[in-house]
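Residue numbering restarts at 1 for every chain, and letters A, B, ... go by the order of the sequence lines.
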There are 2 protein chains.
Amino acid sequence: MSSEPRVKPKILVVDDEPDAVELVAFNLKAAGFEVITAGDGESALRRARQESPDAMVLDLMLPEVDGIEVCKQLRRHPRTAALPIIMLTARAEEMDRVIGLEVGADDYLTKPFSPRELVLRVKNLLKRRARNEEDTDVIQAGDLRIDIPRHQVTVGDREVQLTSTEFKLLTVLARRRGRVQSREQLLRDVWNYESLIDTRTVDTHVRRLREKLGPAARWIDTVRGVGYRFRESL
Amino acid sequence: MSSEPRVKPKILVVDDEPDAVELVAFNLKAAGFEVITAGDGESALRRARQESPDAMVLDLMLPEVDGIEVCKQLRRHPRTAALPIIMLTARAEEMDRVIGLEVGADDYLTKPFSPRELVLRVKNLLKRRARNEEDTDVIQAGDLRIDIPRHQVTVGDREVQLTSTEFKLLTVLARRRGRVQSREQLLRDVWNYESLIDTRTVDTHVRRLREKLGPAARWIDTVRGVGYRFRESL
DNA sequence: CGATCGGGTGACAAGTCTGTGACGACCGGG
DNA sequence: CCCGGTCGTCACAGACTTGTCACCCGATCG
C-alpha cells in the first residue's frame with residue numbers, strides 16, 4: 001500500500017518481559033506504527049486512559065493486575081470500551097474465556113507467534129474499526145476510490161464511467177469488504193428482489209466491471225463455488 | 001487458571017451401578033463440579049428436566065429405559081436439547097450410532113476409562129458451549145484460523161486456498177470441535193443429504209485438506225473405525 | 001505369525017464452474 | 001424512426017473440482 005496514513009496509529013504494547021516488548025515494538029514500528037509500552041497492569045491502564053492509543057497488544061500474564069483484569073477495567077469505561085485489544089498468551093486453552101463476552105478481547109495470539117502475523121492482526125483490527133465501511137460515503141482501496149453520493153469511481157486520477165448496475169454492484173461488494181458474497185446475495189442486494197434473474201448475469205456484470213476498472217480489478221476476487229469478494233488488501 | 005468460576009457447573013451422573021456412580025461423582029467433585037446422580041433412565045430424565053444440569057454423564061446400559069432412549073428424549077425437548085451428554089459404554093463399536101444424529105450424544109468414553117480423562121472431557125464440553133463455537137464467525141486453533149464470512153483459512157500468516165468442499169468439511173469438523181464425527185454424519189453435513197456418495201470420499205477430502213493445511217493438519221484426528229475429529233488441543 | 005480390516009495415497013475421468021464473446025431486447029434521445 | 005448504450009441471456013472453452021477406484025501399508029486380531 002503506497003498511501004501512508006497522515007497520523008501513525010498509536011499502539012500500546014504491554015508485557016512484563018522487556019524482551020517481548022522489544023520484539024513486538026520493533027516489528028510494529030517497522031510496520032509504520034507509533035508504539036508506547038507498559039510493563040505491568042497498573043501502568044497499562046494509566047497509559048491507555050491518558051494517551052488514548054488506537055489499539056493494544058496485551059500479555060495475559062502480568063504481575064499484580066493481570067491481562068484479564070486490565071481488559072475488563074478498560075471495557076467498563078466508555079472512553080476505552082471500544083479500544084481494540086489483542087491478547088498474547090502462552091497456552092491456547094487459556095484463551096477460550098478471553099475472547100468471549102466474559103472479558104472482551106477482540107483477538108488473540110499464542111506465543112510463540114510470527115511477528116508478521118501480529119502486525120497483520122493489528123492492521124486488520126484497526127482497519128475494521130476505523131473504516132466502518134458499512135455506511136461511509138467514500139470507500140478507498142489503494143488507488144481505487146468509490147464516491148457514493150457523487151456516484152463516481154476513480155482509479156488513480158482517471159475517472160471510470162460505470163453504468164448504474166455496475167456501480168451498485170461495486171458498492172455492494174465494497175461495503176461488505178472482505179466477506180464473500182454469493183451470487184444470490186448479490187442479486188438480492190443489487191437487483192432488489194427480482195430473483196427471476198439468472199445468477200450467471202452477475203458474472204457478466206463482474207466481467208464488465210473488471211474490464212472498466214482495469215488494473216484496479218484486482219480488488220475483486222472470485223471465490224470459486226461461492227461468489228465474489230472485495231479484497232481487504234492486495 | 002486462578003479465578004474460580006462463581007457457580008460450580010452442575011453435572012448429572014447416570015449409571016445403574018452405584019460403585020460406578022460413586023467413582024465418577026467423586027472425581028467430578030474433586031475437580032470442582034457439583035454432582036447430582038440417578039440410577040435409572042426414568043429418574044435421569046426427571047432430574048435432567050427439573051434441575052437443569054450443565055452437562056450429563058450417561059451410561060449406555062440402563063435397566064428399562066436405556067441411555068440411548070434417554071438421550072433421544074432429551075433431544076426432543078427444547079429445554080434439554082442442547083444439554084451436553086457424554087456416553088459411557090463397554091464397547092467402542094456400539095458408539096457409531098450413539099455419536100451420529102440418530103442419538104445425538106456429544107462425546108463418549110469406553111469403560112474402563114481413567115477418571116482424569118472423564119473430567120477432561122466434561123471440562124471440554126462445557127468450555128465448548130461457553131465458547132459457543134457452534135455459531136461463531138471465526139474459529140481459531142493454535143495458528144490455524146478459520147474465518148467463515150471471509151471464506152478464508154490461514155495457518156500462521158500464510159493463507160491456505162481451499163476448495164468450497166474442503167472449506168465446508170473443515171468448518172463442519174471444527175464447529176463440533178472435540179467430538180468425533182462419523183463419515184456418514186460428515187456426508188450429511190457437508191454434502192447435504194446426497195447420501196448416494198461413497199463414504200470413502202470423505203477420506204479423500206480429508207487427505208486433500210490435510211495436504212493443504214500442512215503442519216496445521218495435526219488438528220484433524222483420525223479415529224479408527226469411527227470417523228474424524230477436530231482436536232480440542234494439540 | 002498370518003489374515004483381515006481400515007485408512008492413506010496417487011491417478012483419473014466426468015462433471016462443474018467461471019471468463020468470455022456474441023446476440024437480441026429494450027429504452028430514451030435525437 | 002434510428003441509434004447508441006445498457007442489460008439479461010446464452011453457448012463455449014478452459015481450468016479446476018470432485019467422486020471413485022485400485023493399491024499399499026500399518027494396525028488389529030485370532
### Task
Take nucleotides 25-30 of chain C nucleotide by nucleotide from the 5' end and write B, S or -, depending on whether a protein heavy atom sits under 4.0 Å from the base, only from the sugar-phosphate, or from neither.
------
### Summary
Whether each nucleotide of nucleotides 9-15 of chain C has a protein heavy atom under 4.0 Å at its base (B), only at its sugar-phosphate (S) or at neither (-) is summarised, 5' to 3', as BB-----
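Residue pairs satisfying the side chain to side chain donor-acceptor pair (under 3.5 Å) criterion with at least one member in residues 155-166 of chain B, sequence neighbours excluded, are listed as follows: A/Ser114-B/Asp157, A/Arg116-B/Asp157, B/Thr163-B/Glu166, B/Glu166-B/Lys212.
A donor-acceptor contact under 3.5 angstrom links the side chains of B/Asp40 and B/Ser43, judged on distance only. Between B/Arg210 and B/Thr222, the side chains place a donor N or O and an acceptor N or O closer than 3.5 Å (distance only, hydrogens not considered).
The side chain of B/Tyr228 contributes no N or O atom lying less than 4.0 Å from OP1 or OP2 of C/dG6. Using a 4.0 Å cut-off, no side-chain N or O of B/Trp191 falls inside it from OP1 or OP2 of D/dT18. Side-chain nitrogen and oxygen atoms of A/Thr222 include none within less than 4.0 Å of the OP1 or OP2 phosphate oxygen of C/dT18.
Nucleotide C/dT20 holds its P atom 18 Å from the CG atom of A/Asp198, rounded to whole Å. Rounded to whole Å, the distance from CG on B/Leu209 to C1' on C/dG7 is 16 Å. Look at CG on A/Leu169: it is 11 Å from P on D/dG8, rounded to the nearest Å.
Nucleic acid contact class of A/Thr201 (heavy atoms, under 4.0 Å, all strands): base.
A salt bridge links A/Arg121 to A/Asp107: one of the charged nitrogens lies within less than 4.0 Å of a carboxylate oxygen. Taking a cutoff of 4.0 Å between a charged side-chain nitrogen and a carboxylate oxygen, B/Lys168 and B/Asp189 do not qualify as a salt bridge.
Residues satisfying the salt bridge (charged side-chain N to carboxylate O under 4.0 Å, His left out) criterion with B/Glu64, sequence neighbours excluded, are absent altogether. With sequence neighbours excluded, the residues that form a ring-ring contact (aromatic ring centres under 6.0 Å, His included) with A/His151 are A/Phe167. For B/Tyr228, the ring-ring contact (aromatic ring centres under 6.0 Å, His included) criterion is met by no residue, not counting sequence neighbours.
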